[in-house]
*Asks:* 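After the structure tokens below, expect a handful of questions from me.
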2 protein chains.
Amino acid sequence: MHSLTIDAINPAVRNVEYAVRGELAIRAEEYRKRLNGDEDHGLPFDKIISSNIGNPQQKGLDQPPISFIRQVAALAEWPELAELAPGVFPEDVIARVEELREDFGSVGAYSHSQGVPSIRRDVANFIEKRDGYPANPDHIFLTAGASAGVSLLMNMLISSKNSGILIPIPQYPLYSASLAQYSGVPLPYHLDEASGWSTSLHEIEETLSHPAHKEITPKALVIINPGNPTGSLLDEHTQEKLVELCEKYSLVLLADEVYQNNLHRPEEHPFTSFKKIVTRMKSPIPLVSFHSISKGVAGECGRRGGYFECVNISDQILALIYKMVSVVLCPPLSGQIGVDCVVRPPQPGDASYPLWKRETDAIHQALAARTKLMSQRLNQLPGVSCVNSPGALYLYPKIHLSDKAIAAARAASKEPDAFYALKLLDETGICVVPGSGFGQKEGEWHYRLTCLCPGVEEYVGALEAFHQRFVAEYGGVALAN
Amino acid sequence: MHSLTIDAINPAVRNVEYAVRGELAIRAEEYRKRLNGDEDHGLPFDKIISSNIGNPQQKGLDQPPISFIRQVAALAEWPELAELAPGVFPEDVIARVEELREDFGSVGAYSHSQGVPSIRRDVANFIEKRDGYPANPDHIFLTAGASAGVSLLMNMLISSKNSGILIPIPQYPLYSASLAQYSGVPLPYHLDEASGWSTSLHEIEETLSHPAHKEITPKALVIINPGNPTGSLLDEHTQEKLVELCEKYSLVLLADEVYQNNLHRPEEHPFTSFKKIVTRMKSPIPLVSFHSISKGVAGECGRRGGYFECVNISDQILALIYKMVSVVLCPPLSGQIGVDCVVRPPQPGDASYPLWKRETDAIHQALAARTKLMSQRLNQLPGVSCVNSPGALYLYPKIHLSDKAIAAARAASKEPDAFYALKLLDETGICVVPGSGFGQKEGEWHYRLTCLCPGVEEYVGALEAFHQRFVAEYGGVALAN
């Protein structure tokens, strides 16, 4: 019988792995269905807490959207509402929608493939204000979230089976997944957990000079700042050294800066963009910087909005990027409008400003407070240590697993941290991502969890109780066992 | 100096071509900027008419959106509007939004990577009602427009440099572009213009048995029905023969059915889905059918919404598809909501039904009337012949170019039809796509234009006057020259 068999499928596609929505998330989805369908579901919990993915507005977390963004979006969908519902929309919302529609017309029309020109201008102004250096709207591409842009750049830069891309370990698995999809070679460099997940130039150079990589042409260096899953922030001195390293080895710098607005202790750990560093240094290195509306305080994941800015990239290559984005026509207008609202929020004096300020302050403060409390409580657990993230949405605790736990995991054909995380899910309904999905040093085990859960006491309580049960069953840290 | 040079870029990416937004569209964009910026623009026209792309709601064409879709979208963005603006939203709109939000929560949250479950159920019901055979929501993937799905399937099916995909000529250049991007081999088969662009089994078998393709493994057959750029419709007998051919040669059938709701003479040329044919024949061939909300009467291009249905595809491969779509997280919620509205429109008795009926009838009728009038008028021009499309949004007239015109084109390093189309743009502001972007027989020349322009008399008048001037300058048809 004629059928499509797995060996007829592109092996590169078969090799892709994406743990954030992997085995754990699929099992959590099954549990969710059982919980929704049947009162006698036989599970020891009554809801799933999806801490596997930075999705603040999802059901159960329910981070409220920023009103300004949604008002602009609703009015852009149905502009007649301004007249049909007089007084409902703030004046600055009405003005913003009129201004946007002057450019793109209808949200139902394909826009310029690179993104609506006036929105790219607003992005350029945002960058200029952030960095103190000019930005060119023609060098900015609006995207369907940061992922779409990263995937495109990986596709472009991997020019042969010997093309290598330097990625941090731990990393956000979009990078390893795109490397597998486009048949490039991952060149992993380790971050240093002991110094708060700092980036070491020495580690990167070790990777580059490793004998196993002799035949590999390194094409680009991926930096995630603030880090995912680590939440760490680079200092400017390290950033300058990294730019020099890119000069030395002729690397494109791919700067994933989607968490630039999630800073929990900005005085101590501020964010500086690589655009600012590269411009200030007058460095010629090609830089692509990615941003997104899915993170920050907007958390507008479902709109699929983002952008990337190209620095020191020739017109010829910009034209190539334009050609590639034009094949899929344009980024979603709802995402593009979201980008406009995020890069150009209400200002003091605008009708929407007081509410916008209240809403964004509340989200910033809640996230910082939860991150602090969760890392403190996790650090008190036997065999758990956890860097108190200064940024992003995550914690990445290290868990010491006993030989007995490791043996039980191997017997079940699981990575030990996946074994731990599956048990956590089975017993509590909390879904996290095991460290093996992000990468870690040989013999170490971690998991990533988001700091988005509103009922943090109950949540951390469940994590603690589970860990205590696990330790009671499998014994304490490996050394003490 | 360190810089990113073009030869460092993936050669497969460099080879991609996409004429719909190619040289013509880029020049049109430059003219548009000049027209917007300067009263003394020095151009012999005062607006650009973008007939290069099926984008009905774009500025200048301004096809009105379907109110129901936009009302649902606006309320989903800002649900409080139901109370803030009492009486403004029809009851069925309020009910639909409540029902959808019961499932996905917030439009700002990532949804299930495969698409919101209840929207996939609505798609399955739509297919079942259309075909009379059941559809499984778990076999349906919501996408960011049909393009995203086609690109993914091409990526999966091209498993080596020797993988071939059968594509019609003329074709929509998304297919040749994805083949270039994923380094597959196009296996072109010609449609027959003389019989209204019909599909010939013989042509396909000729291509398969061509000596030049001896080393190539044919993986899939692409059928675009209704055709793009041709507007032709397959009859059921031909569809059955095509399914048998896929059985014989172990091909996956990729059915691009995005224009299934754009039928100008449905009694004479109805649409039958391949899902219906395959199911009725009890054929085991793997089939993937693509649909979109960008076309039809919705014309909601900017939302980026669509879906594909997998038939006779194993769970193992469905899991692989799921993994790939999960890497880019989820399709835009605004597109998913659009899909729900398109597959489940208001029904008789619903508050929104009368307006919905009026709006959709008007769009259907206007498109059919414009297509008829334009093909009649084009057929009256010297050296032009044009199939009167029974479907889709386009005409694809053949233009006979004189030796003098061809020589002038070659002297300007242009394809002759591109030369014609560039002159048309320069003199009238009308932007079409030359046939060389879609493919045509050696020595023939065509162009594709959309039938979306509202002021059709003025539009056709400008086309006619240009053609007469062109013939006056370069002489008539090649044979008579």
Side-chain angles (χ1 to χ4, degrees), chain A residues 1-4 6 8-10 13 16 18 21 55 57-59 65 70-71 73-74 77-78 81 84-85 88 105-111 113 144 147-148 155-156 158-159 174 177 247 250 252 284-286 299-304 313 316-317 320 323-324 326-329 332-335, chain B residues 1-4 6 8-10 13 16 18 21 55 57-59 65 70-71 73-74 77-78 81 84-85 88 105-111 113 144 147-148 155-156 158-159 174 177 247 250 252 284-286 299-304 313 316-317 320 323-324 326-329 332-335:
Chain A
M1 183 177 130
H2 171 36
S3 69
L4 183 62
I6 197 91
I9 301 291
N10 182 355
V13 166
V16 167
Y18 187 69
R21 295 216 169 184
N55 188 15
Q57 294 189 33
Q58 70 180 301
K59 272 189 151 184
R70 296 306 191 84
Q71 290 166 348
E77 290 287 356
W78 193 18
L81 275 174
L84 292 169
V88 166
S106 164
V107 295
Y110 294 125
S111 73
S113 294
S147 309
N155 189 196
M156 291 183 69
I158 297 166
S159 54
L174 166 64
E247 289 181 15
S250 292
V252 177
I285 67 159
E300 288 283 343
C301 306
R303 320 191 82 79
R304 314 308 299 116
I313 305 275
Q316 197 182 17
I317 290 174
L320 214 55
K323 179 186 72 180
M324 292 307 288
S326 77
V327 176
V328 286
L329 301 161
L333 267 286
S334 79
Chain B
M1 181 179 129
H2 171 35
S3 70
L4 184 61
I6 197 90
I9 301 292
N10 183 354
V13 166
V16 167
Y18 187 68
R21 295 215 170 184
N55 188 14
Q57 294 189 32
Q58 70 181 299
K59 272 187 151 184
R70 295 307 191 82
Q71 290 166 348
E77 290 288 355
W78 193 17
L81 275 174
L84 292 170
V88 166
S106 164
V107 296
Y110 294 125
S111 73
S113 294
S147 309
N155 189 195
M156 292 183 68
I158 297 167
S159 56
L174 167 64
E247 289 182 13
S250 292
V252 176
I285 68 157
E300 288 282 345
C301 305
R303 323 191 79 78
R304 315 308 298 121
I313 305 276
Q316 197 181 15
I317 289 174
L320 215 54
K323 178 186 71 178
M324 293 305 289
S326 76
V327 176
V328 285
L329 301 161
L333 267 286
S334 79

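Per chain, numbering begins at 1; letters A, B, ... match sequence-line order.
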*Asks:* Tell me, out of B:G335, B:S159, B:G105, B:C301, who's got the most heavy-atom pairs with chain A below 4.5 Å.
*Replies:*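 If we count pairs closer than 4.5 Å to chain A, B:C301 comes out on top.
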
*Asks:* Roughly how far, to the nearest 0.5 Å, is the OG atom of B:S106 from the CD atom of A:Q58?
*Replies:* 10.5 Å

*Asks:* Quick check for you: to the nearest 0.5 Å, what is the distance between A:I313 atom CD1 and B:S3 atom OG?
*Replies:* 9.5 Å

*Asks:* Tell me, with the steps shown, if A:W78 and B:Q71 meet side chain to side chain contact (heavy atoms under 4.5 Å, CB included).
*Replies:* CA-CA 6 Å; A:W78 193 18; B:Q71 290 166 348; 3.3 Å; yes

*Asks:* Just verifying a value: how many Å separate A:I9 CD1 and B:N155 CG, rounded to the nearest 0.5 Å?
*Replies:*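 The distance works out to 10.0 Å.
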
*Asks:* If you count heavy-atom pairs under 4.5 Å with chain B, which of A:E300, A:E77, A:M156 comes out on top?
*Replies:*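 Option with the greatest count: A:E77.
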
*Asks:* So which part of B:R304 gets closer than 4.5 Å to some heavy atom of chain A, the side chain, the backbone, both or neither?
*Replies:* side chain

*Asks:* Specify the closest pair of heavy atoms between B:Y110 and A:N55, including all atoms of both residues, with the distance to one decimal.
*Replies:*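 Smallest heavy-atom distance, with atoms named: N-OD1, 2.8 Å.
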
*Asks:* Is B:S111 close to chain A through its backbone or its side chain, or both, or neither, when contacts mean heavy atoms under 4.5 Å?
*Replies:*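 For B:S111, the backbone is the part near chain A, not the side chain.
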
*Asks:* Among residues at least two apart in sequence or on other chains, which ones pass side chain to side chain contact (heavy atoms under 4.5 Å, CB included) with B:V328?
*Replies:*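 In terms of side chain to side chain contact (heavy atoms under 4.5 Å, CB included), with neighbours along the sequence ignored, B:V328 is linked to A:S147.
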
*Asks:* Looking at chain B, which one of A:A73, A:S326, A:A85 has the largest number of heavy-atom pairs inside 4.5 Å, strictly under?
*Replies:*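 Option with the greatest count: A:S326.
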
*Asks:* Under a 4.5 Å heavy-atom cut-off, does chain A meet the side chain of B:M324, its backbone, both or neither?
*Replies:*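 Contact with chain A: side chain only.
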
*Asks:* Quick one: closest heavy-atom pair of B:K323 and A:V16, and the distance?
*Replies:*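 Closest approach of B:K323 to A:V16, heavy atoms only: NZ-O, 2.8 Å.
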
*Asks:* Taking only residues two or more places apart in sequence or in another chain, which ones pass side chain to side chain contact (heavy atoms under 4.5 Å, CB included) with A:I6?
*Replies:*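 A:R14, B:Q316, B:I317, B:L320.
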
*Asks:* At a 4.5 Å cut-off on heavy atoms, which part of B:L81 comes close to chain A: side chain, backbone, both, or neither?
*Replies:* side chain

*Asks:* Measure distances from B:P332 to the heavy atoms of chain A and classify the residue's part below 4.5 Å as side chain, backbone, both or neither.
*Replies:*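 Both backbone and side chain.
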
*Asks:* Answer with side chain, backbone, both or neither: which region of B:A144 has an atom nearer than 4.5 Å to a non-hydrogen atom of chain A?
*Replies:*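 Neither part; nothing is under 4.5 Å.
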
*Asks:* Between B:V327, B:V88, B:L84, which has the largest tally of heavy atom pairs under 4.5 Å with chain A?
*Replies:*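 Counting heavy-atom pairs under 4.5 Å, the top option is B:V327.
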
*Asks:* For the residue pair B:R303 and A:L333, establish whether any side-chain heavy-atom pair is separated by less than 4.5 Å.
*Replies:* no

